Amino acid sequence: MSAASLTRIRMVLVWLSIVLGAFTSLAYYWQPDWLTAFTIWPAWFWFSAGVALALAGYSRPTRKLILSAALLWGGVGYLLRAEAVAVLRSRAWPVSKWEDARRQGAGLRVLTLNCAGGSLAAAQEAGAYHADIVLLQEVPTRGRLTPLIPQLTVRSAESALGMDTAVIAAGAVEAIPVNSPLLQLARVRLFTGQSLVVGSVRLPPPSIRTDLWSPACWQSHAADRLDRRQALHEVIKSLASVSAETPLILAGDFNAPAGDAVFRLLRPRLSDAFMSAGVGWGGTAHNDFPIMRIDQIWLSDHFQVTALVTRKTAYSDHRMVICDVILPPISTSKP
């Protein structure tokens, strides 16, 4: 191959990187439903592909174009800052500040786990982490799960069990009636006296189609986004009765990647705990190759997040998410 031909190939590779970078930036900023088949993939997937193209096309004649590509992918990299910081963050877990708070009755541990189609063994894994609140999705049947409940939290627990989700807490638990079968909502009064509202949620699963060359793939993903948005709308309606003064936790299997447009519905009332205190790789699905962070914990601003970690499971196809927070002062307001 001649030097001129090789230069042309490298030029094409760099231009492909630039076009992909521009498209990725606009797609993830805008996130229209018709681009869900593209944005359902984590941004780092396209970031890696774009950087690889640019590096493969590097040569003296393409250096100026490489700079343009670098600027575009730097913008995409900004979207990945929370994941990058979490991976690089070196922090002992649990954090000593949280341990001190827990000894004083102000440290709370929240755990969420998808039980893989009702696996009792998967649910049982949660007990090893001595959480105060355990939120389960794809729960085992009531008759199988109920005897296990005392083993799942740091001390004796009560529960609110739904069709597909469950709230289990070390304290008094009172189920709140909701219209959505995707959500189990409960008032929780901890042994320390704090009151809060907790929700365990599982949104409809996404399309698994990867044939991006097919229009049907794009249509399928767009329809799934609409379904999840409608489902989350129903969840938010159920939260409307909870006063703004009440500490609120919503966690579970959202079946949407971190940063997806549907999560805009949760802001500003709730925020993704991983964004402020994630430690290590945050992906949860699937358990052996967790490229997507679909299991998440969202909190009202009453809580101080000290750390959020994920842990590999033995019996679920999801990783569990564990979040340590410091509780707000005891409030006398009713949730």
Side-chain angles (χ1 to χ4, degrees), residues 1 3-89 206-222 224-225 228 254-264 272 274-275 278 280-286 288-294 296 310 319:
M1 182 182 295
S5 297
L6 187 57
T7 297
R8 283 194 293 271
I9 290 173
R10 286 173 172 165
M11 194 74 71
V12 168
L13 292 175
V14 177
W15 272 111
L16 285 173
S17 177
I18 290 173
V19 171
L20 181 60
F23 183 79
T24 300
S25 299
L26 291 173
Y28 281 87
Y29 176 77
W30 186 23
Q31 292 209 45
D33 292 340
W34 61 272
L35 282 180
T36 303
F38 185 84
T39 58
I40 196 75
W41 295 90
W44 61 260
F45 178 86
W46 303 113
F47 179 88
S48 301
V51 170
L53 285 170
L55 291 176
Y58 179 80
S59 67
R60 186 179 294 272
T62 63
R63 282 186 298 182
K64 290 184 178 180
L65 282 177
I66 290 284
L67 179 59
S68 298
L71 290 173
L72 281 169
W73 288 111
V76 176
Y78 181 75
L79 300 174
L80 301 170
R81 64 193 183 281
E83 284 78 5
V85 168
V87 169
L88 297 174
R89 184 178 283 134
S207 171
I208 59 173
R209 295 190 64 160
T210 59
D211 51 333
L212 297 181
W213 57 88
S214 169
C217 172
W218 296 78
Q219 293 165 5
S220 174
H221 280 282
D224 281 352
R225 165 79 71 74
R228 279 191 299 281
F254 289 89
N255 272 313
D260 191 84
V262 298
F263 293 115
R264 295 170 183 171
D272 180 0
F274 180 87
M275 298 297 285
W281 184 248
T284 62
H286 286 83
D288 293 323
F289 190 58
I291 64 171
M292 294 186 182
R293 188 166 64 85
I294 65 174
Q296 302 176 23
T310 61
R319 295 193 174 191

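Bear in mind that the values here come from a model prediction, so they are computed numbers and not experimental data. All residue numbers refer to positions in the sequence shown, counting from 1.
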Looking at every heavy atom in both [X] and [Y], which two are closest together, and how far apart are they?
X: P257; Y: Q296; result: C-NE2, 4.1 Å
X: A43; Y: V76; result: O-CG1, 4.4 Å
X: A256; Y: V262; result: CB-CG2, 4.1 Å
X: M11; Y: L65; result: SD-CD1, 3.1 Å
X: G259; Y: Q31; result: O-NE2, 2.7 Å
X: I294; Y: A285; result: CD1-CB, 3.6 Å

* **With sequence neighbours excluded, residues passing ring pair (Phe, Tyr, Trp, His ring centres under 6.0 Å) with F263** => F254, W298
Do the side chain of [X] and the main chain of [Y] share a donor and acceptor less than 3.5 angstrom apart?
X: H221; Y: R209; result: yes
X: W44; Y: A84; result: no
X: R319; Y: G283; result: no
X: W281; Y: P290; result: yes
X: R81; Y: Y78; result: yes

Hey, could you give me the [atom1]/[atom2] distance between [X] and [Y], rounded to the nearest 0.5 Å?
X: L55; Y: L13; atom1: CG; atom2: CG; result: 11.0 Å
X: I40; Y: T210; atom1: CD1; atom2: OG1; result: 12.5 Å
X: L67; Y: T62; atom1: CG; atom2: OG1; result: 11.5 Å
X: S220; Y: D211; atom1: OG; atom2: CG; result: 8.5 Å

Validation: residues 16-27 side-chain donor-acceptor distances under 3.5 Å, sequence neighbours left out:
residue : atom : partner : partner atom : Å
S17     : OG   : G50     : O            : 2.8
S17     : OG   : W73     : NE1          : 2.9
T24     : OG1  : L20     : O            : 2.7
S25     : OG   : G21     : O            : 2.9

* Trace of the salt bridge (charged side-chain N to carboxylate O under 4.0 Å, His left out) decision for R293 with D272 -> CA-CA 11 Å; R293 188 166 64 85; D272 180 0; 2.8 Å; yes
* To do: Could you tell me which residues satisfy side-chain contact (heavy atoms from CB on, under 4.5 Å) with R8, sequence neighbours excluded, listed by chain and number?
  =>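 So R8 forms a side-chain contact (heavy atoms from CB on, under 4.5 Å) with A4, S5.
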When you compare the side chain of [Y] with that of [X], does any pair of heavy atoms fall below 4.5 Å?
X: E83; Y: F274; result: yes
X: T36; Y: W218; result: no
X: Q219; Y: W34; result: no
X: L80; Y: F47; result: yes

* Do other residues, nucleotides or ligands put more than 12 heavy atoms under 6.0 Å from the CZ atom of R60? -> no
